[in-house]
Structure formats: C-alpha cells, structure tokens
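To keep things clear, I will list the structure first and then write my remarks on it.
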Number of protein chains: 2
Amino acid sequence: MSQNITVLDVAREAGVSASTVSRYLTGVTSVSKIKQEAIARAIELLDFTPNVLAQSLKSGSTKTIGIVTQALESPFFGEELKGVEQAIAGTGYALLIVSGHWQAREEKDHAELLIARRVDGIIIFTSTASDKQIQSLSRQVPMVVTGRRMDMPRAVGLAVDNEQAAFEATQYLLEQGHRRIAHISGRVGQPDTEARLQGYKRALKTAGIKPDAKLIAGGDFSEAGGMLAINQLLEARGSFTAIFAANDQSALGARLGLYRRGIRVPEDLSLIGFDDLLLANYMLPPLTTIRQPTFELGKLAGQTLLNMLAGKTETVVQPQFELVVRESVRRA
Amino acid sequence: MSQNITVLDVAREAGVSASTVSRYLTGVTSVSKIKQEAIARAIELLDFTPNVLAQSLKSGSTKTIGIVTQALESPFFGEELKGVEQAIAGTGYALLIVSGHWQAREEKDHAELLIARRVDGIIIFTSTASDKQIQSLSRQVPMVVTGRRMDMPRAVGLAVDNEQAAFEATQYLLEQGHRRIAHISGRVGQPDTEARLQGYKRALKTAGIKPDAKLIAGGDFSEAGGMLAINQLLEARGSFTAIFAANDQSALGARLGLYRRGIRVPEDLSLIGFDDLLLANYMLPPLTTIRQPTFELGKLAGQTLLNMLAGKTETVVQPQFELVVRESVRRA
DNA sequence: TCCGAAACTGAAAACGCTTTCATGAAATCG
DNA sequence: CGATTTCATGAAAGCGTTTTCAGTTTCGGA
C-alpha cells in the first residue's frame, strides 16, 4: 500500500513545479514537449492517480449523478437504471444510488443526502413527492423525475401519457368485445396510478359503460398485490371477462391467482398489463401489454440531465407508449 | 441559489472560530454550552451543510462503497443490491454502483474507476475476474466478492457451496425416479457455472449414470439463453424426463420453450431451477428450485466489508443453500 | 537590432474542512 | 494557597488540486 503520491511528488520526480504537472493533466495551457515527457515518465514511474476529491473540492463538481429509486430489486427500475447507465457511459459521470422504498419521507431524506454529497444532479424514478416538493429541491440541484410530466428550467418530468395509455389498453379490450372489465390498480397516491385509473374509466364511459367499484381492486404494483387483488375481485362476486392490470408485475401475480383457481388465460379470462417488462414475454401465455420504453426512459432521463448540466436547453421529448399484442387477450 | 456557506461563515455568525465550529460538528472535543447554542443557531440561520468533499479530502475516507454488478436490470443482482443497501443503512455509507456487463475487461476498468474515486471498499457481484486479479485489486482497497468462496485478509468471497447445491438438486430429481436428466448450464467461464455443472455430473455418477453430452446445453444465465437451450436439447434428440437449469432465469426461458412445443410441466417434464428469485414463485407451475439466500448474501457482503473497514476481523460465515420444493417436479 | 506578442513556468493563493499547537482560564489536589 | 491537570479556544498548518499572478524566454516582424 503505497502512501498517497501527489502532484507534488510527480513534480519533484520530473523536475518541474506542481503547477506544470497540473497543467499537463488538465491540458488547459501548453507545456513544453520536454517537460511533458518528463512528467509522463514520472507519472508512469510513481503510478500516480490524481485525487478526485481534491479536484472536486476545487472545481465544485463531483461528476456524480444521484439516483433515487423506489426499489433496488425491481425489474422495472432496474431497466430504467440501465438506461441511465448507458446515457452516462463514457462521460466520466458516476452514479450514487439510493432507494426511497416508496416512502415520501425516506425519499426526501435520501435526496438531501445526495445533495449533501454534492451530486451534480438528481434523477428520481417515479417520485412519491409532489410537484411542489420536487420544484423546491430543484433549487439546490437540477432534477429529472420519471413517471410524470413536468417542464421547468431546473426540474423536468418524463413519462408516457399514462391516462391515454390506460385508455387505449381498456379500449383494446372493449374492441375485443369485452364489456365487463376489471382493473387492478397501482400504488395508492401515485400520480401514475391515478392517471391509469382515469384512463380506464374514461374508456369505459366512452363505450357507454358505467365503471363498477366492485371491478376495481387495489394493488400496489407488486406481484403479491396482484395476487391479492384477484382474491378481492373474485370475492366481490362481480362478473368480468377481462382484467387490465396497472403493471406487468401485478399481472404476473394475478396470473398465479387465476391459475390457482383453474381459471385459464385467455380462454376463460383475458389479461392485459402495463410496462412490457422482459418477463411479460415469458409469461404463460405471453402477456399482451402496454409497452413503456423503460430502458429508453432511463436513457432519456440521463441525457436530459446531462444536457441540463451542460447548460443546454433542448426541448424535452416525452417518451411514447405502444400496445404490444401477445397472447393473453381473446375475443369475448 | 445561495453561495456556498462555509464553516467560517458559521463561525463569524456565532462569534467563534472556525475550529470551534468544527469541533462542534465532529463532537471530538467538548465545547462550552453557550457556544454550542450560538453555533447551532448560526447553522440553522445560514442553513449550513458541511462540505463532504472537504471532509473526505482531509480524512481520506469517502464513506462510500463501490459496487460492481454485472447487470443493473437483473433481478438476482437487484436482490443482492438490496441486501447491501440494508447492511449499510444508517451507517452513513453510500453506494457508487457500476456494471461490468459480464466483461472481464470492463469489470476491471470500472473497479479501477471506483478506486480512483476513492471508495473505501468494493463489492463485486459474481466477479468475472480470477482470484489472483481480485487479490491484486485488494491491495488498493478491501474487497468482497460474491459467487465464489475466498478468505484473505483484504479479499473475501461469499457464496453457497455451488457444487454441493447442484449435486443435491440433481439428486432430488434422481430420488424422484428420473434417470435421464438434462442440464442447462450457466455463463461459460464463470466459477459458479463450472461448480454447478460438476455437482450435476457428480450426482449422476454417484447414481451410476454416465453424463451424456447431448443432455448438456449451454446457457448464459438469461431467459433467452434458457429458451435457446431447450431448442438445442430437443434438436440433439437425447431423450430426458427432467431438466436442471443453472438458474431460475434460464428455467423461465426454458419454460416458455416447452410451452411453445406443448410440453407440459411437470406432467411431461420436470424442471428444477437455482436461486429462488421472486419470480420462481410466480411461474406456472411454481418452480422447485435451490434457494440461494440472495438478499442475505448481499447483506452479508455489506456487513463483511463494513467489518473489514472497521478493522474487525470476524471469521466469515458462508451462506447456505436450501432446496425449495414447489410444483415443477413430479415422480418419473 | 529592437519590440510587442506569444509561449512557458513557478510561487502562492484558494477550495472548505480537521487537527495540531499554544495558551489562558478554570478546576483539582496535597 | 501554590502547583498541576483539565477544559475551552483561536491561530495556523495541512489535505491535493487548480488557478491567478507575475515573471522569463522565445519568436516573428519592422
């Protein structure tokens, strides 16, 4: 374990001053050929790496982006994370990642922790905070949030049009002749949960069908929640021929609940999800779902933040959803 | 956007010296009641947060743990990540996360990037590097790797006994009367892939069965790989009544491949996985598998590293696997 | 041959904190 | 009551960089 070697050691070894070494490193001013070589040799010899902390202290920028996710183990957020990772690849930025565990309080505390660590910007996946709170945080550091739309100088929100997407999912079921359509909703209080519920209702109303409270079960975006919702739905004894689940994970849970009761998909019941996780492809049968470009969403979030940090003010493009027809829906 | 307020501003406001403010913050020496209050008031008034960079520069410790995962979107690594997160919760440490994308080269580069950022320690999930390389890195910073076993002062490896686990998985199939058992292997070159393959073979040999190359298909721990492996297995025209997949994700892919061909599980074919991901529970039918305590593995990795950083040298306890019987295996 | 511009360089200050070091005041002790 | 600890504090040094500032050379042009 060599002690820390500094720019001063290099300078001594190369027979120049520390300033010159620094200039060599940053490349901001020209350094004579002969000294360049001496410095390069010294760096090589001493195996010197500049201390990023000192650099950051001086420059004020840590080249670090803070990420607040809600669940580190979630395949959905994982995909978003991967998108951000790709966006920042090769830029010298790194990711400091924390989880809010779907708790507004924890999300806020952890975001502030990121700020205390002087991250250059923050991305929040599906924030549980209000627009106001996000705006308030954005006074300290530029922010990007996913799962809702928003467009302010220092705080932008990126999301598909959840309401419209849910509308089209429900409408697709209606087009297939379903009239009694149940909904497994998302985590209560989240804007996207609410938007999807509204889209579902609007589609029904547009088709002249009155939404039935017995056909709406509370979920929480999790597999277990989806399974519980099936119980709730069946116990309420409202008959239905199709289910629109607020996300694929709920759909997966629901699928098991149905399997347990011997209800076949799609022969007895049609099922449609939301997100298009990788696993939607591997469900039995493969799940028809609304594709949310999750990876691209993360990538877009990363790029948008990078732009903000670079002072570029390009207009944000919002991601688009898409219906992916597989095999879990059948004509009624 | 207030300019940076420093300990000196606080000192001025409170009518004390910067040293005293620092002492108040660190609590290392006693400060008189009266000044404590004055400082507290000043901090409140100015909304002061100490600059972590300056602290780190001084102390040499960043209170940051670097994590190298192989795939940010993986449910397996996600669960491990969650474990680490829990282990460090409340300790003041934060996580700098990078991905090696299963590339030895990239893993090494990114690990060095973490070192350059002066992380206090590194955890690698399922490292693609050799023991030697890990040992070499550990000279610069304490390391914990998962997915293999290892016990050195500054580098410890944490894993279930993969060979024995695979042995028992295969043996379970044998006990159920299966004689022709196929194997979908993991990513080539990984130590755990190799260990699981060896355990599979040993179980067969112990039962007096000669391993058959036609019954071993190459996978890569992914869903797509599992599906491809099914094609490979069926095209090789070796008959078999059960499959041992190197992980649950492969099993999920295999399950879809079988579904496509109208092969029922477990009626026509038994299937056993490895890991016990959440989704194993939600497969149709729920998957019998070897449970690897993934979350605990991450947690253990976090705790072990924390111990190393604190200079405690407790003997490492290795995690244990367990057979979880669900519904994907039937007597032959 | 002289002059201003350009190229190159070192000393020193600054980033914001912690930690000796030194010192005066207060508390303890025989 | 005088001598010794202990307590509380400020000044200053230091963590490892980058960035003025202030030259010194070097060079092209007149």
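Numbers restart at 1 for each chain; the letters A, B, ... are given by sequence-line order, proteins then strands. These numbers come from the heavy atoms of this one structure, side chains and all, not from hydrogens, waters or symmetry mates.
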At under 4.0 Å between heavy atoms, what does [X] touch on the DNA or RNA strands: base, sugar-phosphate, or nothing?
X        : value
Thr26(A) : sugar-phosphate
Val31(A) : sugar-phosphate
Ser56(B) : nothing

Positive for side-chain contact (heavy atoms from CB on, under 4.5 Å) with Ile65(B), one of Leu96(B), Ile97(B), Leu305(B), Thr91(B): Leu305(B)
Pick from Asn162(A), Asp131(A), Leu158(A): which one makes a side-chain contact (heavy atoms from CB on, under 4.5 Å) with Arg148(A)? Asp131(A)
5' to 3' contact window, DNA chain D with chain B (heavy-atom distance under 4.0 Å): dA8(D) to dG16(D)
Side-chain N or O of [X] closer than 4.0 Å to phosphate OP1/OP2 of [N]:
X        : N       : answer
Thr6(B)  : dG16(C) : no
Gln55(B) : dG16(C) : no
Asn51(B) : dC15(C) : no

Where do Gln140(B) and Arg154(B) come nearest, in terms of heavy atoms and distance? C-NH2, 3.7 Å
Are Lys33(A) and Glu37(A) ion-paired here, with the side-chain N under 4.0 Å from a carboxylate O? no
Heavy-atom nearest nucleotide on DNA chain D taken for Ser30(B) and for Lys58(B); more 5' hit belongs to Ser30(B)
Of Ser17(B) and Ala54(B), whose closest DNA chain D nucleotide lies nearer the 5' terminus? Ser17(B)
Do the ring planes of His101(B) and His110(B) sit parallel (below 30°), tilted (30 to 60°) or perpendicular (above 60°)? perpendicular
